[in-house]
Every structure is written in C-alpha cells, then in structure tokens.
Amino acid sequence: MKLRAPTAAALSSGVPAKLRPHLPRITAFLIVFSVGYSLGIVSSSTRPTPKPSQTVIRPHAAHLTAGLGATTTTGVAASSSNGTTGADYPRSPPHDLFRFRDECAEAVPADAVVRTLLDKLFDGKSPYASFPPEHTAALLHPAAARPRGWGSTGAVFAELIEEVRPDTILELGAFLGASALHMAAVARNLSLSPAILCVDDFRGWPAFRGRFRRDVPAQRHGDALLLPQFMANVVAAGGAERVLPLPFSTASALAALCQWGVYADLIEVDAGHDFHSAWADINLAWAVLRPGGVMFGHDYFTGADDRGVRRAVTLFAKVKGLTVRPHGQHWILSPKPHGDARR
C-alpha cells in the first residue's frame with residue numbers, strides 16, 4: 001500500500017484553533033532546522049580527526065629534564081619528527097629561561113669598588129654623611145643592636161668568610177641589615193675589612209608591616225622608611241665605612257654592577273623567594289661573581305621547596321654543572337670555576 005503524506009487538514013485536526021493560522025510557518029521552520037542539523041552532523045563526521053597538540057621538544061637543554069617523559073595535553077607521549085617519544089627526548093624549558101648575560105666589563109680593583117659606586121650612585125659622597133637629618137631621625141626606631149632578620153647569624157657566614165676571605169661581599173636582600181652587620185662583625189674578627197654591598201629596594205612587600213610592626217618605623221606618605229632605618233642600624237654598629245646600601249631592584253643593580261665591572265668574591269642571595277625572582281637573581285649575580293668565589297643563600301628548605309628557591313638553585317646547578325650543599329636553611333654552590341666568562 002502506498003503511503004501518502006498527511007494533508008494540512010489532517011495535521012491541523014489536533015491543533016488548537018488559535019495556532020492553526022501559524023501552522024504552515026511553524027512547519028517550515030521545523031523542516032529547515034532539521035535539514036540544517038542533519039547537514040551539520042554529516043559535515044562533522046567527514047572531517048579528518050585532528051592530531052592531539054604536542055609538547056614542543058627542544059634538544060638544547062634536554063639534559064635538564066632527563067627521566068621526565070613529555071606528554072601531550074591528552075596524556076599521550078609526544079613524538080618528534082624522527083619518531084622519538086617524550087621518554088627518549090624530554091621536554092626542555094623555554095630557551096629564554098637561560099638567556100642571561102655572562103660577560104661583564106673589566107674588573108674594577110677591589111680597593112676601588114666603594115669609591116666607584118659612590119661616584120656613580122651618590123655623586124661621590126657617602127650616603128651616611130650628615131645622616132640622619134632631624135626630620136628623618138624623629139620617624140625612626142632606635143637603632144637595634146641586633147636588627148630583625150632570618151637566619152642572619154648562622155654558622156654558614158663565618159664558615160664561608162673564613163674560607164673565601166673576600167675583598168667584596170654582595171648581599172641581595174638586606175631588609176634591616178641583620179646579615180650585613182653580622183658579616184661585618186665576623187670579618188673584623190678575622191682581621192678582614194671587605195666592602196659589603198647591600199642590594200635592596202627597601203620597600204618591603206605587601207602587608208609586611210603588620211607582621212613586623214615592632215621592628216620597622218611607621219610609613220610616611222607611602223615611604224616605608226626601611227632605607228633610613230637600615231642606615232641608622234649600620235651607623236650605630238660602626239659599619240658605615242664598609243657597608244654600602246644599593247637601593248635598587250636586584251635586576252637593575254646587578255646589571256649596573258656588571259656594566260661597571262664591580263665583582264664580588266662572596267654573594268648571598270636572599271631577596272625574592274618565588275622561583276622566577278630567585279632564578280633571575282642567581283643567574284644575574286653569577287655574572288658578577290669572581291672565579292673561585294662562592295654563592296650561597298637562604299630558604300633552601302621552606303614550604304615552597306621545589307616551587308621556589310630550592311627549584312631555582314637546583315636547576316641552576318644542573319645547568320652550570322655545579323653541586324649544591326645544604327647548610328641548615330642555607331644552600332651553598334660549589335665555587336665558580338676559573339675561566340667561566342671574562343674576568
């Protein structure tokens with residue numbers, strides 16, 4: 001029996017009277033919608049299956065992640081053009097991660113370091129001259145015999161100063177001067193008088209004042225007053241001749257030291273504690289470390305561990321072929337090899 005299409009009368013027999021005038025229009029819409037939907041399904045089924053996105057494999061630093069198989073976003077081992085998998089050819093960090101300046105200007109003689117910095121940064125005058133002015137002195141806390149710090153008097157300082165016997169010490173992250181003044185005291189006991197250069201922007205960090213209200217002066221018109229408080233502590237400890245603040249960011253200060261040929265024999269890294277800050281500080285400071293000199297720092301064992309300082313130190317040691325020696329909460333890198341860049 002031949003099937004016949006239902007007539008309009010048949011279709012409208014069960015439709016309320018109010019909708020019957022619109023029935024042809026509704027029917028046409030449903031037909032167009034059904035055809036479009038069907039074409040979409042057919043079109044999608046005929047497209048080639050997209051390849052899963054692959055992790056970019058770079059050969060230049062494969063040794064850094066040996067043993068770590070690279071996987072695609074779908075969890076499948078990535079393949080390179082020659083058929084090797086991520087397990088054979090591990091993922092490497094971006095190339096720019098390793099692009100730091102490693103050659104600096106000819107070295108300024110050690111006994112001319114302080115004078116060079118005074119000329120270039122302070123118009124040839126000591127920042128301690130006539131310090132503090134009356135309007136600043138009234139805002140500061142009394143100079144502390146032992147300023148607030150973290151691990152600032154650990155045995156690592158005396159051990160390294162006695163071992164290296166530095167002419168110049170560079171400190172990244174000074175806060176109120178606890179570590180710098182301790183190093184100055186240790187050096188005096190060893191009959192040494194190194195220049196101690198303290199790089200810090202002396203701005204603190206967001207909300208630090210709530211934690212250290214007893215140790216830092218009240219802010220004044222947005223000024224944290226950490227620099228004058230640091231300087232007051234240095235003056236009270238008798239260190240103004242050898243402890244010099246460099247009130248700039250670590251990146252800008254290290255770039256300037258490199259450009260001017262100011263090198264250090266011992267460098268302490270204790271500024272930013274996130275991976276990116278620590279990684280940049282370590283790499284930039286390495287350029288101004290003299291061959292045979294030693295770099296060390298704080299916060300090797302913290303809650304962040306492999307997400308912060310520890311990760312940066314470990315990666316740097318792998319890149320440079322160095323060893324890392326933990327020393328309490330501190331880390332120490334093996335001495336900088338002679339012939340590493342130009343000195």
Side-chain angles (χ1 to χ4, degrees), residues 107 110-111 113-114 146-147 149-200 234 237 239 241-246 250 253-254 257 262-273 278-279 281-302 308-310 312-317 320-341 343:
D111 58 2
V113 164
V114 173
R146 296 182 62 182
W150 301 268
S152 302
T153 58
V156 66
F157 294 98
E159 177 181 317
L160 291 179
I161 291 175
E162 184 172 12
E163 174 187 330
V164 177
R165 304 189 73 81
D167 290 319
T168 304
I169 298 174
L170 178 61
E171 179 183 47
L172 305 184
F175 197 43
L176 296 174
S179 297
L181 294 179
H182 177 68
M183 287 190 285
V186 168
R188 281 196 300 270
N189 290 337
L190 294 171
S191 299
L192 302 173
S193 56
I196 302 177
L197 314 178
C198 301
V199 178
D200 199 308
V234 171
E241 292 296 322
R242 306 306 297 174
V243 179
L244 184 66
L246 306 184
T250 53
L254 290 169
L257 295 180
V262 175
Y263 298 93
D265 308 290
L266 184 62
I267 298 180
E268 181 196 10
V269 179
D270 191 17
H273 296 100
W279 173 252
D281 288 346
I282 292 169
N283 277 275
L284 292 170
W286 188 256
V288 296
L289 180 66
R290 292 181 184 274
V294 174
M295 180 184 293
F296 72 110
H298 194 228
D299 298 289
Y300 192 63
F301 296 106
T302 65
V309 173
R310 182 170 164 182
V313 173
T314 302
L315 179 58
F316 183 81
K320 294 293 186 180
L322 306 171
T323 59
V324 182
R325 176 164 65 95
H327 194 300
Q329 286 290 325
H330 288 81
W331 51 270
I332 306 171
L333 291 176
S334 51
K336 184 173 183 176
H338 288 271
D340 189 338
R343 297 293 176 268

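One is the number of the first residue; the rest follow in order along the sequence.
One finds the CG atom of L170 at 13.0 Å from the OH atom of Y263 (value rounded to the nearest 0.5 Å). The CG atom of L266 sits 9.0 Å away from atom CZ of F157, with the distance rounded to the nearest 0.5 Å. Interatomic distance, CZ of F316 versus CE of M295, reported as 5.5 Å (0.5 Å rounding). Within the model, atoms CD of E171 and CD1 of I196 stand 8.0 Å from one another, a figure rounded to the nearest 0.5 Å. Rounding to the nearest 0.5 Å gives a distance of 12.0 Å between OG of S334 and NZ of K320. Separation of atoms CG (D299) and NE2 (H273) is listed at 3.5 Å; rounding is to 0.5 Å.
Nearest heavy-atom pair across A253 and V199 is CB-CG1, 3.6 Å. L254 and A285 get closest at one heavy-atom pair: CD1-N, 3.8 Å. Nearest heavy atoms, A107 versus R290: CB-NH1, 4.0 Å. Considering all non-hydrogen atoms of both residues, P335 and G292 come closest at CB-O, 3.9 Å. The two residues C198 and V243 come nearest to each other via the heavy atoms SG-CG1, 3.8 Å. Taking every heavy atom of both residues into account, G272 and V309 meet most closely at O-CG2, 4.4 Å.
Ring geometry, H330 versus H298: the interplanar angle falls from 30° to 60°, so the pair is classed tilted.
None of D270, L197, D281 except one satisfies the side-chain contact (heavy atoms from CB on, under 4.5 Å) rule with L172; the exception is D281.
Within the 4.5 Å cutoff, the side chain of V324 has heavy atoms near those of the L333 side chain. Side chains of L289 and W286 form a contact here, defined as non-hydrogen atoms less than 4.5 Å apart. A heavy-atom distance below 4.5 Å is not found between the side chains of D167 and V113. For the pair I267/V288, a side-chain contact is recorded, criterion being any heavy-atom separation below 4.5 Å from C-beta on. Side-chain atoms of P337 and L322, non-hydrogen and from C-beta on, do get closer than 4.5 Å to each other. Considering only heavy atoms from C-beta on, I161 comes within 4.5 Å of I169 through its side chain.
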Show your reasoning for whether side chain to side chain contact (heavy atoms under 4.5 Å, CB included) applies to V269 and T250. CA-CA 10 Å; V269 179; T250 53; over 6 Å; no
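E163 CD: more than 12 foreign heavy atoms inside a 6.0 Å radius.
A side-chain donor-acceptor contact under 3.5 Å links D265 to the backbone of T168.
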